[in-house]
Visitor: 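Got a structure here, written out as structure tokens. Questions coming.
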Amino acid sequence: MWCNSIRGWGLFSILIHWLSAIAVIGLFALGWWMTDLTYYDAWYNLAPWWHRSMGMLLLGVTALRVVWRLFQPTPKEKGAPMEKVAAKIGHLLIYALLLVVLISGYLISTANGSGISVFDWFTAPATLSGLSNQASIAGEVHWYSAWALMIISLGHALAAFKHLVIDRNDVMRRMIDPRVSRRSA
Amino acid sequence: MFKKTMIAALSVSSLLPLAQAQAADYIIDKEGQHAFVQFKISHLGFSYILGSFEDFSGDFSYDPEDVASSSVNVDVNVSSLNSNHAERDKHILSEDFLNASEYPTATFESTGFESTGEGEGTLTGELTLHGVTNEITMDVTHIGGGEDPWGGYRDGFEGTTNLALADYDIDMSKFPPVMQEFELYVVFEGIRQ
């Protein structure tokens with residue numbers, strides 16, 4: 001139920017996948033909106049507080065996700081050989097970009113050595129700080145990698161729909177239904 | 001002490017009988033960090049934000065016998081701004097305000113000095129910030145000077161001026177009027193070369 005098999009994803013991976021999808025889209029929209037808020041907007045301080053807190057939680061979840069992915073079986077890719085290679089590279093890029101976006105965001109707020117308060121619940125400590133022009137450079141990386149992640153995620157969604165509508169295989173279904181992973185071949 | 005200095009001064013002048021009274025050149029002691037470029041700007045009229053530019057260099061020329069010929073040049077690395085708040089620093093350095101990637105250096109070059117009293121005066125010069133150059137005046141004070149304990153000779157000064165951000169094409173129209181100007185405070189020691 002919770003674990004993956006070579007036929008499908010377990011419930012744990014499915015939940016993390018969809019939670020991450022919602023969080024990534026939400027954080028992108030929130031980040032875009034909040035950076036244009038004016039000084040007198042009631043959300044001027046609150047929106048970044050949500051953005052930082054959500055981002056730090058997603059970073060924790062993503063670290064757990066990567067570990068889980070490495071120690072669990074991965075369902076087999078489906079499609080033409082080229083599609084399989086493209087899928088492997090695409091998924092690797094998504095993981096890499098996710099980490100780059102999250103870590104660069106963390107490096108903006110912690111650039112002067114202060115930690116990040118996560119929902120006033122705990123403080124994620126600063127680690128790497130005080131690099132020359134750290135906040136501005138991390139900010140550039142954050143912006144471009146966030147865009148790259150959105151674009152490649154769109155490609156990821158289109159590819160999933162291609163499996164569903166054109167190939168009519170269970171690639172999309174197995175990211176929704178954990179029972180696929182327990183089906184016998 | 002005074003005697004010793006006098007003897008030293010006399011013996012040096014006797015070695016250089018034709019030397020004119022010349023202003024001495026000093027390098028601002030950035031290495032020993034006896035130099036600060038700070039700003040102070042109102043926060044909503046409730047309190048102040050203090051910050052500094054941590055990376056800069058400069059030199060000056062000073063002759064106590066002829067203060068009018070004094071001059072000073074300072075180059076500031078804008079992106080070294082620090083107000084103890086990483087996100088605010090990033091915002092101040094962004095295109096919304098200082099645009100440090102486009103205008104990485106702020107400079108001050110003095111053009112004149114007028115004494116207003118013992119150890120006090122008004123320094124005039126060209127300040128370039130955000131790509132805009134304006135003539136400014138700064139009230140300066142000679143704090144002290146003399147031989148330091150490590151074999152060098154130092155003189156120290158401080159200066160203050162109030163500047164309007166609009167004069168440097170920095171748009172503060174969305175902020176209250178009290179936040180549209182800032183105070184610049186500079187204090188440094190120079191080591192005589």
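To find a chain, count down the sequence lines: A is the first, B the second, and so on, and within it residues start at 1.
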Visitor: Identify which part of B:Leu44 has an atom lying under 4.5 Å from any heavy atom of chain A, answering side chain, backbone, both or neither.
Guide: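 The side chain, not the backbone.
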
Visitor: Can you tell which part of B:Pro104 gets under 4.5 Å to a heavy atom of chain A, answering side chain, backbone, both or neither?
Guide: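 Interface part for B:Pro104: neither.
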
Visitor: Report the donor-acceptor contacts between chain A and chain B below 3.5 Å as a table, one pair per row.
Guide:
unit_1: A:Tyr39; atom_1: OH; unit_2: B:His43; atom_2: NE2; d: 2.9
unit_1: A:Arg52; atom_1: NH1; unit_2: B:Glu87; atom_2: OE1; d: 2.6
unit_1: A:Arg52; atom_1: NH1; unit_2: B:Glu87; atom_2: OE2; d: 3.0
unit_1: A:Ser109; atom_1: OG; unit_2: B:Glu87; atom_2: OE2; d: 2.4
unit_1: A:Asn112; atom_1: ND2; unit_2: B:Asn82; atom_2: OD1; d: 3.4
unit_1: A:Asn112; atom_1: ND2; unit_2: B:Asp89; atom_2: OD2; d: 3.2

Visitor: Applying the ring-ring contact (aromatic ring centres under 6.0 Å, His included) test to B:Phe188, which of B:Phe36, B:Phe108, B:Phe60 qualifies?
Guide: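 One option only clears the test, and that one is B:Phe60.
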
Visitor: Going from CG on A:Leu102 to CG on A:Leu107, what distance comes out if it is rounded to the nearest 0.5 angstrom?
Guide: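 Going from the CG atom of A:Leu102 to the CG atom of A:Leu107 covers 11.0 Å.
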
Visitor: May I ask you to test the B:Val186-B:Phe39 pair for a side-chain heavy-atom distance under 4.5 Å?
Guide: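 Answer no - side chains too far apart.
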
Visitor: Hydrophobic side-chain clustering at under 4.5 Å (ILVMFWY, transitive links): who's grouped with A:Ile16? Put none if nobody.
Guide: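 Listed partners: A:Met1, A:Trp2, A:Leu11, A:Phe12, A:Leu15, A:Val61, A:Leu64, A:Trp68.
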
Visitor: For the atom pair CG (A:Leu97) and CG (A:Leu149), what is the distance rounded to the nearest 0.5 Å?
Guide: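 Answer for the CG-CG pair, A:Leu97 versus A:Leu149, is 5.5 Å.
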
Visitor: Please determine whether side chain to side chain contact (heavy atoms under 4.5 Å, CB included) holds for the pair A:Phe161 and A:Ile166, giving the CA-CA distance in whole Å, both sets of side-chain angles, and the decisive distance to 0.1 Å.
Guide: CA-CA 8 Å; A:Phe161 276 107; A:Ile166 297 170; over 6 Å; no

Visitor: Side chain of A:Ser13, backbone of A:Gly10: donor and acceptor closer than 3.5 Å?
Guide: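 Judged by distance alone, no pair lies under 3.5 Å.
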
